[in-house]
Every structure is written in structure tokens, then in C-alpha cells.
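Within every chain, numbering begins at 1; the chains are lettered A, B, ... in the order of the sequence lines, protein sequences first and strands thereafter.
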Amino acid sequence: MQAFTQLKGLVAPLDRANVDTDAIIPKQFLKSIKRSGFGPNAFDEWRYLDQGEPGMDNSKRPLNPDFVLNQSRYQGASVLLARENFGCGSSREHAPWALEDYGFKVVIAPSFADIFFNNCFKNGMLPIVLAAKAVDALFNQVVANEGYKLDVNLNAQTVTTPAGDVYPFEVDAFRKHCLLNGLDDIGLTMQQQDKIKAFEQKHQQSQPWLFL
Amino acid sequence: MAKTLYDKLFDSHVVTEENGTALIYIDRHLVHEVTSPQAFEGLRLAGRKLWRINSVLAVPDHNVPTTDRSTGVAGIADPISRLQVQTLDENCTDFGVTEFKMNDVRQGIVHVIGPEQGATLPGMTVVCGDSHTSTHGAFGALAHGIGTSEVEHVMATQCLVQKKSKAMLVTVEGALQKGVTAKDIALAIIGKIGTAGGTGYAIEFSGAAIRNLSMEGRMTLCNMAIEAGARAGMVAVDDTTINYIKDRPFAPKAEQWGAAVAYWSTLHSDAGAVFDAVVTLQAEDIQPQVTWGTSPEMVVGVDGKVPSLDLAKNEVQRGDWERAYAYMGLTPNTPINQISIDKVFIGSCTNSRIEDLRAAAEVAKGRHIAPNVKLALVVPGSGLVKAQAEQEGLDKIFIEAGFEWREPGCSMCLAMNADRLEPGERCASTSNRNFEGRQGQGGRTHLVSPEMAAAAAVAGHFVDVRSL
Ligand code: SF4
């Protein structure tokens, strides 16, 4: 997993509450054999005017000009600003996969659905809960200022605006540790590699036929 | 302290343990095309390698066609299936994993080829991204299915994060009647304890009837442990185990054989070992079993009837049964032997080994499938099973009796390839799951042994194989 420490990124505003994982990545794309490559189908039903199916050439599909992420000023955004209960619905890990593949590393919202919130951390993404008032203020500033960037610092647990306003946020100490060090479950187990190697050696000595 | 077989297998693989959560070392990792692509992809994205490449053995089985394969992977008609098989091929090449490709004679269902190659050995921990990995417990191994994230975890670390299960002992004493098989024992156990009866447990099967089973039979039994809710099933090592393994390609070679056998001989529960639950059956009481509903626990003897609602234990079961009657198109109190069938499937990781095919062929020999049977498929579990069967002339027996003789794979066990039931069609199947839609949308599955499937094929309806 990619470590996350600090990011200064372009912000895209998605001004909707209860954005569910079905909206983030519709079910027909779950047939994929990949964990990557979901980005072009993130928000598929909102983003395109036609009905999306796996295997389509997404670059040829008609974009919905009314969908905010299609506006040229938000291309290359890495911070998604959203409203309450972001990521509700099914537990599909394809949702954070899709957002991550799209280019988002941070999602800021007043609240998140629980499973989605957990899934983000497993995939190197940082979901940040800020007070509804703070989120309101950020929405206003993003829309008013083209090229608006936020500076997110995980170590300091702060979001800093271009004007220098600082919003502190909470994060579970263990999750922070994992994210700062790029540790997923595999990463954590890897911290035990000396013990695994020692076990393996003993195991090989007593049952060499297992290692043919 | 006296240990159970499960204790011995689990404890001997603990790398570290904290607050009841252990990191256990995995000896054998079997891989197929459906649950591995995201795991390989995950490794690639994180820049990780396989911890121990020679612990992994891969094979495509779920999506492969069972008809003509002369055009290779490119000839797989469904593009999504084709891509999954191609992806496995590419991943195995990229990561250096041993793979039996689709047209390799050693290709077959992952749970058939592991034991066949000697890649499953006593004392091992065996995992695969597939719930029927419990099959391999027949060898006195600790074997269970895992999810895709865990597949990646094992690939990268050779370990799995695990909490120890409780231990259940299922004892079957006595001798089976002729015409009664390991499949019938499995279904009878599930009928007795229910599909959640083994949840949270690792089951050890023991008793005279189990000792007398061949390895094929023990695999059938452990295969179905998952249908009883247990992630792992196992049988202690004995001479039957050791004789089966000898001289298989991945088995220990001469210079290590003696030491291996000495260790394997310790793989049984100690006298006085304590189990958290004990279930006992008498082999003589077990009839050939036929499932009538949409869960493996909805099962009766062939001389029985579709149960009536007043036999249901409670409201929840009443509801389940009512839905099952409707889905299966059956009315309560219908005698099992009056249920006629449209298709027959002999195959799957439960019953596609040579012994299964021999038993079915013996019933089919000199007979012909009934006119109402539209299709009777025999799908060997591996290319080597197929070759062996052909050497024994079983293919001819089946073909003369009107069966189709196919290429190896999962086939109509889950209908991910072209082999499937049409809505409303009724099938006598040797597979392991009779869930709604399992063999095709609207399809109706009755689980039986290979002999009972062959008998149903020739009679056109379920019939006691012992009466033929
Ligand atoms: S034969 Fe059926 S149960 Fe066995 S691995 Fe294949 S699909 Fe799964």
C-alpha cells in the first residue's frame, strides 16, 4: 500500500449528500478481473450520458456536461469534497478502488459510511471528517476560486487553506500509523518477516519435503 | 496433554500469536482463475513478490469449456471467461508460478489435481481462494478456503491471520451397505447437523466406516464439510493415506520418504483428546441420499418423501421449505423415486475422481439413458482421471449408454462455462450445492452420489441404485 503523509492537491466539490457506493462504481463493473482500472467508470451514471457496460471505450462515450467532475477546472483533482454520509450502501471495496484510480487521495466530508471509511484506509486513501460548517466554508471557497488547493498533512492532522486557515482533524492512532508507513494487513505481517523466516527455516529442517 | 489432530496441525504452524489471533504458516497455496486476478494485481501494484513461489500451484478450472479445446484459450467463446483464463496464464508466467494450463493433461479441478499430484500432503496447511479447499483435509492436512485479500496476503507473506476454531468429532461406526457411498455419509451428516451445524468448528471424521473409505471417498466427505458450515474437515493419516501418496510427482522422494512417513504417522488425535462437540452416526442406518430442496440439509433417503410442512422444526424452517417446494416445483409427500429428471451431471470436485467414474460406469454398463433425459454429462475431474478412465474403457461404456464424455473442469457444478440448466430443468447432480440458480438460473438441482446419478439417468427418475 502507498504511504500517505502530506498532499497539496486540487479540490473538486461534489455537492451531494448520501453518495452511495453504487453511484461511485455501478455493479456491472464488478465483473472485472482487476482491482485497478475502475477510475474511468467512477460515478459512471452521473458522468456519462449513455449506459455504461464493461469493455466500452470510455474515451468515446458522451460526457454529461452538467456533472461537476467533468468541468475542465477540476481535472487532475486529488481531494474530493463531499457532503454527509459519503460512501453509504454496499461494502464493495471497488468504491475506494475506483476513487483512488480516478486520482483522489483524500475525501473530505462531514460524515462517512462506516465500511467505506474502513475500506479507504486499506487502500492508501485518507477520509477526513470536518464539521459541517467547515465543509460549507470549503465548498464556498472552492467554487469561488479556480485552481483552489488544500494542503493536507496527516502527521500534523491538519487541512490548510490557501489563505492559511487551519482545520485540525481526528484520526485513529493505529490507522494513522499504518497510513503514514504505508502498512496494510500485508504490510503489518511483513513487520514479522524475521519471525516468519525463522519459522520457515525450522519447518524446512524438520519437514524438508514441504520445500521441494 | 492429549491433542486433537486439529490441535496438532494448527499448533505446528503458529508463527506468532497474540490475544488468540495467530499468524499461521501456509505450506501449499492452490490458485485458480476466478479469485486470483485481483490478488496478483495487488502484488503488482505494491511491487511485491511471492514469498515462496514453489508453494503455489495454479490451474484454470471454473471457466474452461468441457467441449473441444483444440483452439486453445483463444477458442473460449465467452470473452469474460476467456479473459479470466488468459489472465491466470499471464500472471503465472509473470510471477513464475507453476501452472497446469488448459490443454495440459494434468489440468483439472483444483481440488482434484492437488491430491493427484501429491501436492497435498499430510501435515500441511493448504489454502485456496475457494471454499471447497476443505477437500484436502482428507490427507490429515489443515485445509480451508480464503478470500481474495487473503490470497494476496498468503502470496506475499506465506502466512494467514487466523483464530483457532473449535474442534468437532464426527464418528461413523459400522459398515456401509452396498450402494451407499461417502457422498451419502456426507449428506446424511449434513441432514443430521444442518448446514450451520459445523459453523465455527473444524471437523474430524473418524470411525470404522471412515477408516474403510478410500482416499477418493475421504476427499468427497471432507469436500462437503464446508456444506455443513465447517471451514475445514479432516481425516487422520493411515496406510490408505500413505499408499495413495507414494510415487506421486510432488510427493517426498525416496531419501525423505521414511522420515515423512514417520512424521505423518503421528497425525491423528491422541487417545483422550477432548472435542468441543461430538456427533455419532451408524453406517448401517445410512441410505442412498437425495436432496429435495435448495440447501444440502434438505435431504432424505431415496425411499423417503419430500417432507410435509408439519415436520418442520419451526417457523423459519417452514418458510424455507415453502420457498424450496415452489422453487423445486415439488409438492410435499411426493415419493423421491417418482421425481423424474431432465439432465444428469456426473462431475465436480466432490465426485469426479476415477473411483466415482468407475462406480457410475458400473451402473451405466449395458444400459441406456431414459428417453426423457435430455443430457447426461460425465466430466472427469482432471485430464489424468480422463486418461485413466479411457484406458479402462469407461468412456465407451458411458458413450454407449448415451452419456456425453467431456473435458475436465468445474462445468455444470456452477455453470460459469457453457454447461448449465435451463429454467425449470431438473438435474441429478453429483456436485455439492443445490442453491437456487447454482447450475443455471431457474435450474433445479438434486444432489446424489455418482451411482445414484447414473441410476437416475437410466431410469429417468430417482431410483434406489440397489434395486437395479
Ligand atoms: S467443482 Fe464446483 S465446487 Fe468444486 S471448485 Fe469447481 S465450482 Fe467449486
Side-chain angles (χ1 to χ4, degrees), chain A residues 1-3 25 28-39 53-56 91-94 96-98 100-101 115 118-119 121-125 178 181-212, chain B residues 12-16 23-25 27-28 33-46 48 51-52 54-55 79-80 83-88 91 118-119 121-125 148-150 152-161 249-253 255-257 259-260 263-264:
Chain A
M1 191 175 84
Q2 287 278 313
I25 183 80
Q28 62 268 35
F29 302 106
L30 310 186
K31 288 185 205 166
S32 166
I33 52 165
K34 308 265 176 190
R35 195 184 291 229
S36 58
F38 292 99
E53 290 298 335
M56 289 172 116
S91 64
R92 61 187 65 158
E93 204 164 324
H94 302 70
W97 292 348
E100 209 266 345
D101 194 57
I115 299 175
N118 286 325
N119 282 342
F121 285 99
K122 287 189 198 162
N123 291 281
M125 285 175 67
C178 291
N181 295 291
L183 302 174
D184 48 14
D185 283 0
I186 296 177
L188 284 173
T189 299
M190 285 300 227
Q191 291 183 337
Q192 314 267 10
Q193 25 181 325
D194 292 346
K195 285 185 185 150
I196 301 172
K197 281 185 189 143
F199 177 93
E200 193 167 54
Q201 239 169 32
K202 252 184 30 212
H203 202 50
Q204 182 160 12
Q205 266 159 23
S206 61
Q207 297 178 61
W209 55 86
L210 297 178
F211 291 79
L212 295 177
Chain B
S12 63
H13 287 86
V14 173
V15 175
T16 62
L23 198 61
I24 64 168
Y25 186 85
D27 296 312
R28 176 67 67 206
E33 79 277 21
V34 180
T35 51
S36 64
Q38 285 95 346
F40 279 116
E41 182 75 359
L43 292 182
R44 204 174 266 126
L45 289 174
R48 291 192 171 111
W51 179 283
R52 186 155 71 79
N54 68 1
S55 68
I80 295 182
L83 182 62
Q84 277 197 326
V85 176
Q86 280 167 343
T87 303
L88 181 69
N91 282 331
L121 295 173
M124 273 184 166
T125 43
T148 294
S149 305
E150 291 175 314
E152 184 181 340
H153 191 276
V154 174
M155 283 176 168
T157 68
Q158 210 60 39
C159 288
L160 194 63
V161 180
F250 286 69
K253 302 288 173 273
E255 61 278 15
Q256 291 172 348
W257 180 253
Y263 173 60
W264 296 344

- Result of checking B:Leu23, B:Thr16, B:Val154 against A:Thr189 for side-chain contact (heavy atoms from CB on, under 4.5 Å):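 By the side-chain contact (heavy atoms from CB on, under 4.5 Å) criterion, A:Thr189 pairs with just one of B:Leu23, B:Thr16, B:Val154: B:Leu23.
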Which portion of [X] sits near chain A, non-hydrogen atoms under 4.5 angstrom:
X	answer
B:Phe40	neither
B:Trp257	neither
B:Ser12	backbone
B:Ala251	backbone

Could you grab the distance from atom [atom1] of [X] to atom [atom2] of [Y], nearest 0.5 Å is fine?
X	Y	atom1	atom2	answer
A:Gln207	B:Trp264	CD	CH2	9.0 Å
A:Gln192	B:Thr157	CD	OG1	10.0 Å
A:Gln204	B:Arg52	CD	CZ	7.5 Å
A:Leu210	B:Thr125	CG	OG1	8.5 Å

- Message: For chain A, which candidate among B:Met124, B:Glu152, B:Arg48 shows the most heavy-atom pairs at distances under 4.5 Å?
- Response: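 Highest number of pairs under 4.5 Å: B:Arg48.
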- Which residues share a side-chain contact (heavy atoms from CB on, under 4.5 Å) with B:Gln256, sequence neighbours left out: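 If we apply the side-chain contact (heavy atoms from CB on, under 4.5 Å) test to B:Gln256, skipping adjacent residues, the hits are A:Pro208, A:Trp209, A:Leu212, B:Pro252.
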- Item | Contacts of type side chain to side chain donor-acceptor pair (under 3.5 Å), residue B:Asn91, not counting sequence neighbours |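 Checked B:Asn91 against side chain to side chain donor-acceptor pair (under 3.5 Å); matches are B:Arg44.
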- Message: Please verify the inter-ring angle class for A:Phe199 with B:Tyr25; under 30° counts as parallel, over 60° as perpendicular, anything in between as tilted.
- Response: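 Tilted, since the angle between the ring planes falls between 30° and 60°.
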- Item | Interface moiety of A:Gln193 toward chain B, non-hydrogen atoms closer than 4.5 Å |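 Both backbone and side chain of A:Gln193 come within 4.5 Å of chain B.
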- Message: Show, in sequence, the C-alpha distance, side-chain angles and deciding distance for A:Trp97 and B:Gln38, and conclude whether the side-chain hydrogen bond (donor to acceptor under 3.5 Å, both in side chains) test is met.
- Response: CA-CA 11 Å; A:Trp97 292 348; B:Gln38 285 95 346; over 6 Å; no
- Message: Quick check: do A:Ile186 and B:Met155 have side-chain heavy atoms less than 4.5 Å from each other?
- Response: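 Contact flag for A:Ile186/B:Met155 side chains = no.
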